Each structure stands twice: as C-alpha cells, then as structure tokens.
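Take a look at the structure set out below.
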Amino acid sequence: MSNQHAEGVNDVDANSWIRQQLSDAAEDRYRLFASSLIPNIDNVLGVRLPALRKLAAKLAKDDWRAYLDEATDEYFEETMLQGMVIAQLDADFPEWQTRIAAFVPKINNWSICDSFCNDLKRTKRHLTDMWSFIAPYFASNEPYKLRFGVVMLLHYYLTDDYINRVLALLDAVEHPDYYVKMAVAWAVSISYVKQPDATLAYLRENRLDDFTYSKSLQKITESRQVDAAEKAMIRGMKRK
C-alpha cells in the first residue's frame, strides 16, 4: 500500500493489519448471531457492519488499488469489507465497473450480496450503463450472480422507465436455488409497492414457479406500505 496509508497500516503486510482491526472489533455473541443467519458459512469473526464501514472508509481513501489487488478472503468480513470499499471508490466509472465485476464472483451468501448491492448507490447516476452491465448476470447459472442481478434491479430500477424490463427479466429467472427464488419474490414485492399497476398486471399473468409466486404474494401482504384492502385482494390471487 502507499506511503499515504491509513494510520497503522504498514506497507509490508496490510492484510495482517486489516485482520488485526477486524479481530479487535469482533464480538463473539454477534458472531454466533450472524452465523445463525447465514447458512453454510463458518468463517464469521463477528464484526458489526458499522465497524466494517468505518474501516472501509479509511481503506477507500488510501491506496485502494493495492488493497483490492492483495486482499484475502479467509474471513466473511474480509470479503464484505472489499465490497464496501468498492462501493465507496472515487474511481472513474469504467474502473468502478471493472472492480464490481471482479468482486461479484466472490459473493457466496445472501448477506454479502445484499449489502454490496445496497451500497452501490453510484448506480443511480449511471442507470443506462449499469443496466447494460447488470443484464448479462441474468444468463448465469450461478445462484449468487443471479441474486446480484435481481437485488440490483430492486434497489435501482423500479421506475417508470425500467419497470417493464425489470418484470420481464424477473419472469425469465428459472433457478432451483432458494436464495434466487427469494430474491425474485422480494423484488416482486418491492415492485408492487413502488409500481403497483404494472406489478399487479404482471402478477395476473406471469411464469413464476409456484414457490416464488406464493412468496411474492406473501411478501406483499407483509408490507406495511400495502393497505388492508390491497392485501385482501393479493391473498385472493393465490394459485389453487
């Protein structure tokens, strides 16, 4: 890393310094809690998101290229941290996209996926280019590449200009993975809140599998932004 590094970072072993910061911030009770929410993950240290964001802000202002090129993924938080740094980068747009593309294959659980997508708020300033970047992920057979695409759409593209294209992409998703199906259901439910007319028309004629369709309706009826009459109508749309 550069000489103008975050306080405490040495050029010899930045990863050791980062791991020490994570270890110092780790909480065993939070580790047990976080681990219980993320199946099939056994490398959680137990660092809360605010502490990770604080460290990410330091790294994003430092020699972030060296950090990202050398960063390790032994622990859940190390991977999460990389995503947070990428989201904060003051890089030109093509390089930012390149860093996102390099990170997506590292996503192996819903928590890193959803946090990363939520943090990529710069997308709002580059909707056209990012749409072209996101759309190919819908051709992937890898569950977390698909989930990345779906969650990006629900955060940034549920607008008048994009809603029909979003619903068409969601309708074409066919994957057996639970976390893909739940992401689609989540997206459909948020779509209903933000674009009720278009989404209601879609719900009346779609190709969603029964599980995803049922979960979509369930999530809509659980929303505090949907009134009682609408919830009753949605419940009446259950498949027989």
Side-chain angles (χ1 to χ4, degrees), residues 1-93 95-124 130 133-134 137 142-145 147-149 151-152 155-156 179 183:
M1 299 182 76
S2 71
N3 291 327
Q4 300 299 316
H5 46 62
E7 182 180 358
V9 182
N10 65 71
D11 295 338
V12 177
D13 196 351
N15 279 316
S16 292
W17 180 85
I18 290 166
R19 191 164 293 173
Q20 186 61 55
Q21 303 304 302
L22 295 175
S23 179
D24 290 347
E27 303 173 31
D28 193 56
R29 287 182 66 183
Y30 185 71
R31 177 184 64 80
L32 295 172
F33 169 73
S35 297
S36 71
L37 297 177
I38 311 170
N40 305 319
I41 297 295
D42 59 2
N43 62 343
V44 177
L45 291 170
V47 182
R48 295 179 185 269
L49 290 181
L52 285 174
R53 293 191 196 286
K54 185 176 180 180
L55 181 55
K58 287 184 178 182
L59 293 169
K61 293 175 182 177
D62 188 42
D63 186 355
W64 51 264
R65 289 184 182 88
Y67 158 67
L68 291 172
D69 290 344
E70 300 164 7
T72 59
D73 302 293
E74 182 176 349
Y75 291 103
F76 164 85
E77 286 85 354
E78 290 178 321
T79 307
M80 179 74 85
L81 185 64
Q82 292 169 50
M84 290 178 172
V85 170
I86 290 167
Q88 296 185 38
L89 292 185
D90 184 20
D92 62 44
F93 182 71
E95 183 170 8
W96 190 63
Q97 278 194 322
T98 298
R99 293 292 178 174
I100 294 171
F103 180 77
V104 170
K106 297 186 176 190
I107 299 172
N108 64 354
N109 62 80
W110 67 264
S111 181
I112 287 175
C113 178
D114 298 359
S115 175
F116 184 53
C117 293
N118 180 66
D119 286 353
L120 294 176
K121 293 181 171 57
R122 186 177 175 182
T123 298
K124 296 174 184 178
M130 284 298 285
F133 175 81
I134 294 164
Y137 285 103
E142 297 178 45
Y144 286 104
K145 286 184 177 180
R147 186 176 173 105
F148 168 76
V151 178
M152 287 297 289
H155 276 300
Y156 305 110
Y179 290 99

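In what follows, every heavy atom counts, from backbone to side chain, and hydrogens, waters and symmetry copies are set aside. Fair warning: this is a prediction, and the values are worked out from it, not measured in the lab.
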(message) Tell me if a side-chain donor or acceptor on R147 pairs with a main-chain N or O of Y179 at a distance below 3.5 Å.
(response) yes
(request) State whether the number of non-hydrogen atoms from other residues, nucleotides or ligands found under 6.0 Å of F93 atom CZ is greater than 12. (result) yes
(message) Looking at S35 and L32, would you say the former's side chain and the latter's main chain have a donor-acceptor pair under 3.5 Å?
(response) no
(message) Return the CE to CG distance between M80 and L55, rounded to the nearest 0.5 Å.
(response) 13.0 Å
(message) To check you understand the geometry: which heavy-atom pair defines the closest contact between Y137 and V104, and what is its length?
(response) CE2-CG1, 3.7 Å
(request) Work out which heavy atom in C117 is nearest to a heavy atom in V151; give both atom names and the distance. (result) CB-CG1, 3.6 Å
(request) Would you name the heavy atoms of M152 and I134 that are closest together and state the gap between them? (result) CB-CD1, 3.7 Å
(message) Within the structure provided, determine whether R31 and L45 are in side-chain contact (heavy-atom separation under 4.5 Å).
(response) no
(request) Give the minimum heavy-atom separation between F148 and I107, together with the two atoms involved. (result) CD1-CD1, 4.4 Å
(message) Any carboxylate oxygen within less than 4.0 angstrom of a Lys/Arg side-chain nitrogen, looking at K61 and D90?
(response) no
(message) Less than 4.5 Å apart, side chain to side chain, heavy atoms only: is that true for M84 and L49?
(response) yes
(message) Exactly one of I112, V85, L68 should register a side-chain contact (heavy atoms from CB on, under 4.5 Å) with F103. Which one does?
(response) I112
(message) Is there a side-chain contact between T79 and F116 in this structure, where contact means two heavy atoms from C-beta onward sitting under 4.5 Å apart?
(response) no
(message) Measuring only between side-chain heavy atoms, which start at C-beta, is L52 closer than 4.5 Å to L22?
(response) yes
(message) What I'd like to find out is whether the side chain of I100 reaches to under 4.5 Å of the side chain of I86, using heavy atoms alone.
(response) yes
(request) Locate the shortest heavy-atom distance separating L37 from P39; write the atom from each residue and the value. (result) O-CD, 3.4 Å
(request) Would you please test W110 and I38 for side-chain contact (heavy atoms from CB on, under 4.5 Å) and show each step? (result) CA-CA 7 Å; W110 67 264; I38 311 170; 4.2 Å; yes
(request) Measure from the side-chain N and O atoms of E95 to the backbone N and O of D92, and report whether any donor-acceptor pair falls under 3.5 Å. (result) no
(message) To the nearest 0.5 Å, what is the distance between CD1 on I18 and CG on L81?
(response) 6.0 Å
(request) State the CZ-OG1 distance between F133 and T98, to the nearest 0.5 angstrom. (result) 8.0 Å
(request) Over all heavy atoms of both residues, which pair between L89 and R122 is shortest? Give the atoms and the distance, please. (result) O-NH1, 3.7 Å
(message) Set out, in order, the CA-CA distance, both residues' side-chain angles and the distance that settles side-chain contact (heavy atoms from CB on, under 4.5 Å) for T72 and R19, then state yes or no.
(response) CA-CA 10 Å; T72 59; R19 191 164 293 173; 3.3 Å; yes
(message) Determine whether a donor-acceptor pair (N or O, by modelled atom type, separation under 3.5 Å) exists between the side chain of Y156 and the backbone of L120.
(response) yes
(request) Check whether any side-chain heavy atom of K124 lies under 4.5 Å from a side-chain heavy atom of M130, and answer yes or no. (result) no
(request) Give a yes or no on this: more than 12 heavy atoms of other residues, nucleotides or ligands lie within 6.0 Å of atom NZ of K121. (result) yes
(message) For V44, is there any backbone N or O sitting under 3.5 Å from a side-chain donor or acceptor partner on E77?
(response) no
(request) Taking the side chain as every heavy atom from C-beta outward, state whether Q82 and Y67 have any atom pair closer than 4.5 Å. (result) yes
(message) Is the shortest side-chain heavy-atom distance between F76 and S111 below 4.5 Å?
(response) yes
